[in-house]
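First the structure, in the form of structure tokens, and then the observations on it.
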2 protein chains.
Amino acid sequence: MNMSPRGQEQNQQMRTKAIAKITGAALEVFAEYGYYGATMKHIMQVSGLSKGLVYHYFPSKEKIFFHLVESALEISKNAWTEALNISGTAWQKIEKLSEILFKISFTNESSLYFLIMVQATTQGKGIPGLMEYMTEGGAHFDLLPPLIRTAQKAGDAVPGDPVILSTTYLALFQGYTLCLFQDKDIVKKITPATFTDVLRNRG
Amino acid sequence: MNMSPRGQEQNQQMRTKAIAKITGAALEVFAEYGYYGATMKHIMQVSGLSKGLVYHYFPSKEKIFFHLVESALEISKNAWTEALNISGTAWQKIEKLSEILFKISFTNESSLYFLIMVQATTQGKGIPGLMEYMTEGGAHFDLLPPLIRTAQKAGDAVPGDPVILSTTYLALFQGYTLCLFQDKDIVKKITPATFTDVLRNRG
DNA sequence: GTCTATACACTGATAGAC
DNA sequence: GTCTATCAGTGTATAGAC
């Protein structure tokens with residue numbers, strides 16, 4: 001057998017690959033069955049790795065789930081940062097936000113992370129610290145109400161309580177995310193405007 | 001011929017009471033932890049009844065959950081029937097629908113049934129027959145698009161694909177239902193108009 | 001004695017963890 | 001692979017009204 005030590009670089013590569021396999025499998029399984037419905041066995045089967053290897057990289061089922069929630073919040077935060085940092089009016093930023101959130105929520109593989117967020121929301125009560133963690137990690141949502149307020153002054157956004165409008169906008173994304181669980185065809189027909197429209201001033 | 005030792009009405013009363021205790025406890029537990037996260041033990045503790053008694057009235061955990069989903073769909077269907085049967089314009093029916101759905105979703109104890117619907121949606125894939133059952137039981141949702149079309153012709157509803165608008169309206173209710181899992185204060189500030197507004201023609 | 005609501009120790013399977 | 005806890009579900013016994 002080959003006893004020669006692997007280079008540090010090679011080791012790192014193997015680690016990264018294994019972790020990617022585990023998180024990828026966990027993402028699928030947790031998204032479909034939820035935290036309690038998902039089993040480590042199922043994650044091991046989907047990833048094609050052994051029990052020992054999975055537990056080598058993650059100490060527990062709970063930590064794997066936390067890791068996915070962390071990634072989901074990061075994806076969300078990055079999307080918001082990208083949208084809100086463009087130069088332009090408040091309304092243009094809102095339109096950009098809809099465009100980016102629409103893309104990552106409904107058109108590519110990252111949509112699974114938004115299913116994870118929903119699963120975390122609906123089952124997080126039994127997992128210590130999770131709800132608090134999500135509240136902290138979702139602090140960027142607070143950027144929307146002032147943006148709406150600015151757009152209202154410019155006459156672009158519909159009148160009304162900016163906090164409620166902001167929640168409505170976010171609830172709409174979450175509501176459509178639930179449609180993904182039912183494989184509804186309707187999701188294929190929506191556009192960023194579907195979301196922007198609830199904030200648009202048509203008066 | 002009634003051979004029962006206790007009076008029939010007495011027995012019936014005991015049964016009804018026990019079943020109510022079981023379903024009430026199951027409603028709380030399933031709503032909070034989801035199907036897989038809820039345990040029979042937990043349901044027994046909350047109901048204050050023994051294992052034997054619970055299994056005397058329900059053959060399995062799955063059947064209890066199905067029973068709750070069934071009740072939820074019935075509550076939903078009754079609400080729609082009540083709203084859509086009033087005399088008035090299409091728009092008035094939509095306003096009535098918002099009013100009733102808002103009431104049962106966010107202001108009284110039946111709101112737990114809507115959490116059950118969300119739990120069933122997010123975890124139903126692993127429960128044989130559940131998704132199909134929910135699709136069938138939610139057939140009354142198909143009544144909304146034609147109603148929107150009528151309201152559009154009258155100039156009351158916003159222009160756009162009635163099917164997408166209908167889905168948007170329902171997704172908004174579901175999205176706000178998710179807020180209930182997080183005990184968000186914002187839910188106390190919304191009104192039926194929050195939902196009606198996404199369909200309202202303000203042009 | 002008979003029926004029925006109720007109780008609870010028990011089983012086999014499977015979970016997470018190491 | 002192996003351990004332990006816990007899961008859903010069952011078999012059997014008891015209490016009390018007729």
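Numbered from 1 within each chain, the chains take letters A, B, ... in sequence-line order.
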Pair up each side-chain donor or acceptor in residues 119-134 of chain A with any protein partner under 3.5 Å, not counting sequence neighbours, and list the distances.
residue	atom	partner	partner atom	Å
Q119(A)	OE1	Q123(A)	NE2	2.9
Q119(A)	NE2	A31(A)	O	2.9
Q119(A)	NE2	T122(B)	O	3.0
T121(A)	OG1	M117(A)	O	2.7
T122(A)	OG1	V118(A)	O	3.2
T122(A)	OG1	Q119(A)	O	3.2
Q123(A)	OE1	Y35(A)	N	3.2
Q123(A)	OE1	Y36(A)	N	3.3

Checklist outcome for this item: L53(A) CG to dG1(D) C1', in whole Å, measures 16 Å

Checklist entry - Which residue, G52(B) or M44(A), contacts DNA chain C at a nucleotide closer to its 5' end, judged by nearest heavy atom? => result G52(B)

Item to check | Ring centre gap for Y176(B) and F195(B) strictly below 6.0 Å | outcome: yes

Checklist outcome for this item: With the side chain defined as heavy atoms from C-beta on, S60(A) is closest, among dT6(C), dA17(C), dA15(C), to dA17(C)

Checklist entry - For the pair made of CD in Q13(B) and C1' in dT4(C), what is the distance, rounded to whole Å? => result 16 Å

Checklist entry - Separation of K41(B) atom NZ from dG9(D) atom P, in whole Å? => result 16 Å

Checklist entry - Going through the distances and angles, do S98(A) and Y169(A) end up as a side chain to side chain donor-acceptor pair (under 3.5 Å)? => result CA-CA 9 Å; S98(A) 297; Y169(A) 179 79; 2.6 Å; yes

Item to check | Any Y36(A) side-chain nitrogen or oxygen under 4.0 Å from OP1 or OP2 of dC7(D) | outcome: no

Next on the checklist: In whole Å, I'd like the distance from the CE atom of M14(B) to the P atom of dC18(D).
Outcome noted: 11 Å

Give every donor-acceptor pair under 3.5 Å between a side-chain atom in residues 65-79 of chain B and any protein atom, sequence neighbours left out.
residue	atom	partner	partner atom	Å
S71(B)	OG	H67(B)	O	3.1
S76(B)	OG	H140(B)	NE2	2.9
N78(B)	ND2	E74(B)	O	3.4

Checklist entry - How many Å lie between NZ on K61(B) and P on dT10(D), as a whole number? => result 15 Å

Checklist entry - How is F58(A) classified with respect to the nucleic acid when contacts are heavy atoms under 4.0 Å: base, sugar-phosphate, or nothing? => result nothing

Checklist entry - Within less than 4.0 Å of OP1 or OP2 of dA5(C), is there a side-chain N or O belonging to H56(B)? => result yes

Next on the checklist: Could you tell me how far apart F65(B) (CZ) and dG9(D) (P) are, to the nearest whole angstrom?
Outcome noted: 14 Å

Checklist entry - Would you say dG9(D) has OP1 or OP2 under 4.0 Å from some side-chain N or O of Y55(B)? => result yes

Checklist entry - Got a donor-acceptor pair under 3.5 Å from the side chain of K51(B) to the base of dG9(D)? => result yes

Item to check | Distance, rounded to the nearest Å, where H42(B) contributes NE2 and dT6(D) contributes C1' | outcome: 15 Å

Checklist outcome for this item: T39(A) has its side chain closest, among dA5(C), dA15(C), dG9(D), to dA15(C)

Item to check | Whole-Å distance separating the CD atom of E62(B) from the P atom of dC7(D) | outcome: 18 Å

Checklist entry - Is there side-chain contact between Y57(A) and I64(A), with at least one heavy-atom pair below 4.5 Å? => result no

